[in-house]
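First comes the structure, then the notes that go with it.
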2 protein chains.
Amino acid sequence: MYGRHWWHGHLRRRGYRVTVPRETIIQVLSDADKHLSVEEIFNEVLKLHPGVGLTTVYRTVELLRNMGFVKKYEFGDGLSRYELEKGSKKPHHHHLVCTRCGKIIDYTDFVDEEVVLLRKVENRLTKKYKFDIKNHQIHFYGICDECK
Amino acid sequence: MYGRHWWHGHLRRRGYRVTVPRETIIQVLSDADKHLSVEEIFNEVLKLHPGVGLTTVYRTVELLRNMGFVKKYEFGDGLSRYELEKGSKKPHHHHLVCTRCGKIIDYTDFVDEEVVLLRKVENRLTKKYKFDIKNHQIHFYGICDECK
DNA sequence: CTCCTTATTGACAATAATTTTCAATAATAA
DNA sequence: TTATTATTGAAAATTATTGTCAATAAGGAG
């Protein structure tokens, strides 16, 4: 979890200004222990700084994504979810999605093995398709314990 | 690629009626060689049977998904895409998504190795989280050849 | 510290995908 | 053939996201 300075530096270095909404949104994402929807981020931000607009949350989250600091997920319920990629509390993980109730479990079990394989695949895909691969996602879909 | 009878049986067995829109949509999905957005399906359906409504495409595609015959993908551009899971021309594959232009490449290279590993992981996750896993997705995100 | 430039913001309007509503239609069982 | 009722199409409603634009405030220059 990186501090204010770190973020300040990265923003400024790219010519972006450091603003209260941006700092607040980064803080909310840093404190979160899971991927948040825009509305969830917005609600948390309001607790810290009422007055920040929803539009700004959309814009900031997209900015952070373009900067490569935030990952965007879509699990199929129509909401986009965001999560810090760098400076996050959470280690790298993959997802288990319940297609009935929408529950999402982040699992870290076996991720190491997965990642080893994925890197190999990644290298080969990079060559074959001349794709510059930045990251990956694995989702398992199914029915959770409570839903069955 | 399964025929009319097969689909007819599956629909009827679950108490659903076999209708012209449903048959047409299934046919479009069967003939497709890639995942289609609802609008793409709709356009193809119209060529075969003008008069079918967009709403019906949404409903049918969702029905097929609940029945487990169709996979839904979201690649991050705000559109849902659908693809036959059973009875499709296409073999099992995973995806390479360009985050700049949105291009999606389906790759089948190395999928066998991936699937072997995923099955192992799947079994263990099933035990640990008591999740009934139905399927999985792997997405690699990056920049495609033309975009860099 | 103060002024100036301009990136950023918030409120609101606009868009776009999807869902809901509901009367009309058509698939199946009797 | 008729009755039942799932399904449909059209239009309205909803919901997430994006665009517009005047007001604000961050940060460099003086």
Side-chain angles (χ1 to χ4, degrees), chain A residues 4-5 7-28 35-67 70 72-82 99 102, chain B residues 4-5 7-26 28 35-43 45-67 70 72-82 99 102:
Chain A
R4 282 212 174 62
H5 289 78
W7 286 106
H8 194 292
H10 271 281
L11 286 167
R12 301 267 47 234
R13 204 165 307 132
R14 306 195 192 198
Y16 297 119
R17 293 181 181 176
V18 176
T19 66
V20 170
R22 281 176 184 166
E23 285 196 311
T24 313
I25 290 163
I26 288 170
Q27 188 187 331
V28 166
H35 30 70
L36 300 176
S37 67
V38 169
E39 192 152 345
E40 287 170 330
I41 298 170
F42 180 56
N43 289 331
E44 289 306 309
V45 167
L46 284 190
K47 290 182 193 165
L48 301 171
H49 279 94
V52 171
L54 178 60
T55 312
T56 300
V57 176
Y58 274 102
R59 280 189 290 228
T60 302
V61 123
E62 192 54 25
L63 177 77
L64 292 171
R65 197 172 75 88
N66 287 333
M67 289 173 64
V70 155
K72 176 181 183 177
Y73 291 111
E74 298 193 345
F75 294 113
D77 65 350
L79 290 189
S80 296
R81 285 158 211 280
Y82 298 88
T99 52
Chain B
R4 284 214 172 61
H5 288 79
W7 287 105
H8 194 291
H10 271 281
L11 285 167
R12 300 266 50 229
R13 205 165 306 133
R14 305 195 193 198
Y16 296 120
R17 293 181 181 176
V18 176
T19 67
V20 170
R22 281 176 182 165
E23 285 195 311
T24 313
I25 289 162
I26 288 170
V28 166
H35 31 70
L36 300 175
S37 67
V38 170
E39 191 153 343
E40 288 170 330
I41 297 170
F42 180 55
N43 289 333
V45 167
L46 284 189
K47 291 181 193 166
L48 301 171
H49 278 93
V52 171
L54 178 60
T55 311
T56 299
V57 177
Y58 274 102
R59 280 188 291 229
T60 302
V61 125
E62 191 54 25
L63 176 77
L64 292 171
R65 197 173 74 88
N66 287 334
M67 290 174 65
V70 156
K72 177 182 182 176
Y73 292 111
E74 297 193 345
F75 294 113
D77 65 349
L79 290 188
S80 297
R81 285 157 211 281
Y82 298 87
T99 53

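For the numbers below, each heavy atom of this structure counts, side chains included, while hydrogens, waters and symmetry mates do not. Numbers restart at 1 for each chain; the letters A, B, ... are given by sequence-line order, proteins then strands. If you're wondering where the values come from, they're calculated on a predicted model, not measured in any experiment.
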For B/Thr55 and B/Glu39, take the nucleotide of DNA chain C holding the closest heavy atom to each; which residue's nucleotide lies nearer the 5' end?
B/Glu39
Between B/Arg12 and D/dA6, is there a contact of a side-chain N or O with OP1 or OP2 at under 4.0 Å?
no
Rounding to 0.5 Å, atoms CE (A/Met67) and CZ (A/Arg14) come to a distance of 4.5 Å
Length of the CG-C1' vector between A/Asn66 and D/dT18, whole Å:
14 Å
Nearest-neighbour nucleotide for the B/Val20 side chain, C/dC12, C/dA27, C/dA17 considered
C/dA27
Enter the inter-axis angle for the ends of the helix from C/dC1-D/dG30 to C/dA30-D/dT1 (five pairs per end, rounded to 10°).
40°
Most 5' of B/Val38 and B/His8 on DNA chain C, judged by nearest nucleotide:
B/Val38
Taken to the nearest whole Å, CD1/B/Ile25 to P/D/dG9 is 8 Å
Measure the distance from CG on A/Leu11 to P on C/dT9 and round it to the nearest whole Å.
10 Å
Any side-chain heavy atom of B/Lys72 sitting closer than 4.5 Å to one from A/Thr99?
no
Quick one: label A/Arg59 by what it contacts on the DNA or RNA (base, sugar-phosphate, nothing), any heavy atom closer than 4.0 Å.
base
Sidechain-backbone polar pair: A/Arg81 side chain, A/Phe75 backbone, donor-acceptor under 3.5 Å
no
Can you pull out every side-chain hydrogen bond (donor to acceptor under 3.5 Å, both in side chains) where at least one residue sits in residues 39-53 of chain A? Sequence neighbours excluded, please.
A/Thr24-A/His49, A/Ser37-A/Glu40, A/Glu44-A/Lys47
Can you measure A/Glu74 atom CD to C/dA17 atom C1' for me and round it to whole angstrom units?
12 Å
Can you check whether A/Val61 reaches A/Arg65 side chain to side chain, under 4.5 Å on heavy atoms?
no
Counting side-chain heavy atoms from C-beta on, which of D/dT17, C/dT18, C/dA27 comes nearest to B/Arg17?
C/dA27
Does C/dT9 have its OP1 or OP2 closer than 4.0 Å to a side-chain nitrogen or oxygen of A/Thr19?
yes
Stretch residues 41-54 of chain A: residues that reach within less than 4.0 Å of DNA chain C through a heavy atom:
A/Gly51, A/Val52, A/Gly53
Could you walk me through whether A/Glu23 and A/Trp7 satisfy the side chain to side chain contact (heavy atoms under 4.5 Å, CB included) test, starting with their C-alpha distance in whole Å, then the side-chain angles of each, then the deciding distance to 0.1 Å, before giving a yes or no?
CA-CA 8 Å; A/Glu23 285 196 311; A/Trp7 286 106; over 6 Å; no
Nearest heavy-atom contact between A/Ile41 and A/Tyr82 is CD1-CB, 4.3 Å
Is the number of heavy atoms from other residues, nucleotides or ligands within 6.0 Å of CZ (A/Arg4) greater than 12?
no
Measure from CZ on A/Arg13 to P on D/dG27 and round the result to the nearest Å.
14 Å
Mind checking whether A/Tyr73 and A/His35 have parallel, tilted or perpendicular rings, split at 30° and 60°?
perpendicular
Separation of B/Leu11 CG from B/Thr19 OG1 (nearest 0.5 Å)
8.0 Å
Would you say B/Arg22 reaches D/dA6's phosphate, i.e. side-chain N/O to OP1/OP2 under 4.0 Å?
no
Looking at A/Tyr58, I'd like to know whether one of its side-chain N or O atoms comes within less than 4.0 Å of OP1 or OP2 on D/dT17.
yes
Rounded to whole Å, please give me the gap between CG in A/Leu79 and P in D/dT17.
6 Å
Where the side chain of B/Ser80 is defined as all heavy atoms beyond and including C-beta, which of C/dT18, C/dA27, C/dA29 is the nearest nucleotide?
C/dT18
